[in-house]
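One structure is given below, encoded as structure tokens.
One-based numbering, in listed order, for ligands and for the atoms of each. Keep in mind that this is a model prediction, so the values were computed, not measured.
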Amino acid sequence: MPVNIRYTPALKEHQVTPEPVYRQRRQLLQGLGLGLGAAALSLPAGASVLSGLLGKEGNTGGGQPLTYERPEAYRPDLPRTDEGVATSYNNFYEFGTAKSDPARYAGEMKTRPWTLRIEGEVDRPQTLDVWSWMETQRLEERIYRHRCVEAWSMVIPWLGVPLAALLKAAGPTSRAKYVAFETLHNPAVMRGQSSPYLGGGIDFPYVEGLRIDEAMHPLTLLAVGMYGKTLPNQNGAPVRLVVPWKYGFKGIKSIVRIRLTEEQPPTTWNLLAAHEYGFYANVNPTVDHPRWSQASERFIGAGGLFGSERQPTLMFNGYGEEVASLYQGMDLRKFY
Ligand SMILES: Nc1nc2c(c(=O)[nH]1)N[C@H]1C(S)=C(S)[C@@H](COP(=O)(O)O)O[C@H]1N2
Ligand SMILES: [Mo]
């Protein structure tokens, strides 16, 4: 793949503005009764008049109902983000740099079957068939504050299992200090991987990492669904990471490999722009991004992008009580 050319991407996150026209068209089609989920899904790929009409944004998979528990501890009294916004305003550079690209193009990705490899510093390396594994899991619904693209925030009901459960099953060795994650690499269906321009200059596959104590923290979720159903492709089907006290880019999507390591692994946004994105990426109102303030954020609630309200950013995204101890004694300006 000739994708290893490094250059500053033409479009950085903050430069891509919301797309009201796209949203309105979608809402109009929904109003006309052209359901974007089930209807499009039931049509054979390629033969869909509907997906042609919609510019393919209907064909994004997901939406299969899941069985799950609802632990009280993870049901905060917060207004949820409208599902339609959470599934249409995304970053997933494998499908392009615009916030509407993932919903438009991620339907090309086939998520069945899907294998997830767990390897590296573990006693029991595993290759999971994700869909059958999912059926054996006790899924939990967790309503988390979600820091999505740059300074936007949402509240999303995720479905998943603590990542710790999976890691423990593989048996981390005493040398396991970090956990590295990797997304699918398939330029044939991921158009952003087919050219540096479409992929914003990212050197794919997309990779992320956590320190092992962050990965084992009970809040850290391996998500397989949202809003009661399997993940739509644009949100990272069939399996993605959710770390609610960190910025959105740590939430790596469509994971195919988890590797426990002794050394701190490279991470995609840090490789792309090290002075802007660090390894830790903890939500922190006192450490600004070089190009925008992190003191406040815009919360997208039930009213969608237009009804969004500016609110103060909370330290560790509001999860300080649970996670602050992980960073005791660390200079969070240095380890941003
Ligand atoms: N594989 C992959 N994962 C990814 C990204 C990506 O481009 N590729 N973008 C990240 C960024 S920058 C953000 S802000 C979040 C957005 O996730 P969301 O659509 O669930 O809000 O996904 C993250 N995970
Ligand atoms: Mo992001």
Exercise. Using 4.0 Å as the upper bound for N to carboxylate O, is an ion pair formed by Arg191 and Glu108?
Worked result: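 Between Arg191 and Glu108 there is no salt bridge, as every charged N stays at least 4.0 Å from the carboxylate O atoms.
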For this session: Run the salt-bridge test on Glu83 and Lys229 with the 4.0 Å N-O cut-off and return the result as yes or no.
Result: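 A salt bridge links Glu83 with Lys229.
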Looking only at heavy atoms, is any part of [X] under 4.0 Å from ligand 1, and if so is it the side chain, the backbone, or both, or is it neither?
X	answer
Tyr247	neither
Thr183	side chain
Phe92	both
Arg240	side chain
His146	side chain

Exercise. Nearest non-hydrogen atom to atom 9 (N) of ligand 1 belongs to which of Asn91, Asp101, Ile252, Val242?
Worked result: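 Selected option, by shortest heavy-atom distance: Asn91.
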Exercise. Heavy-atom distance to atom 4 (C) of ligand 1: which of Tyr206, Phe181, Tyr277, Trp152 wins?
Worked result: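 Among Tyr206, Phe181, Tyr277, Trp152, the closest heavy atom to atom 4 (C) of ligand 1 comes from Tyr206.
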Problem set entry | Sub-3.5 Å N/O-N/O distance, Gln234 and ligand 1 |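 By distance alone, the answer is no.
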Which of the numbered atoms in ligand 1 are under 4.0 angstrom from any heavy atom belonging to [X]?
X	value
Gly251	4 (C), 22 (O), 23 (C), 24 (N)
Cys148	14 (S), 21 (O)
Trp269	12 (S)
Val149	14 (S)

Exercise. Do the ring planes of Phe95 and Phe92 sit parallel (below 30°), tilted (30 to 60°) or perpendicular (above 60°)?
Worked result: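 The rings of Phe95 and Phe92 stand perpendicular, inter-plane angle above 60°.
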Exercise. What is the ring orientation for Trp269 with Tyr93, classed by angle as parallel under 30°, tilted 30 to 60°, or perpendicular over 60°?
Worked result: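 Ring orientation of Trp269 relative to Tyr93: perpendicular.
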Exercise. Going by heavy atoms in the side chains, are Lys177 and Glu263 under 4.5 Å from each other?
Worked result: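 A side-chain contact is absent here, since even the closest heavy-atom pair is not under 4.5 Å.
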Exercise. Do Ser308 and Trp152 have side chains that get closer than 4.5 Å, going by heavy atoms?
Worked result: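 Yes, side chains in contact.
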Exercise. Are the side chain of Arg333 and the backbone of Thr286 linked by a donor-acceptor contact shorter than 3.5 Å?
Worked result: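 Yes; judged by distance alone, with no hydrogens or angles, the pair exists.
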Exercise. Does Ser254 have a heavy atom less than 4.0 Å from any atom of ligand 1?
Worked result: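 No, Ser254 has no heavy atom closer than 4.0 Å to ligand 1.
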For this session: Treat each ILVMFWY residue as a node, draw an edge where side-chain heavy atoms are under 4.5 Å apart, and state whether Leu314 and Ile143 are in one component.
Result: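 In one cluster with Leu314: Ile143, no.
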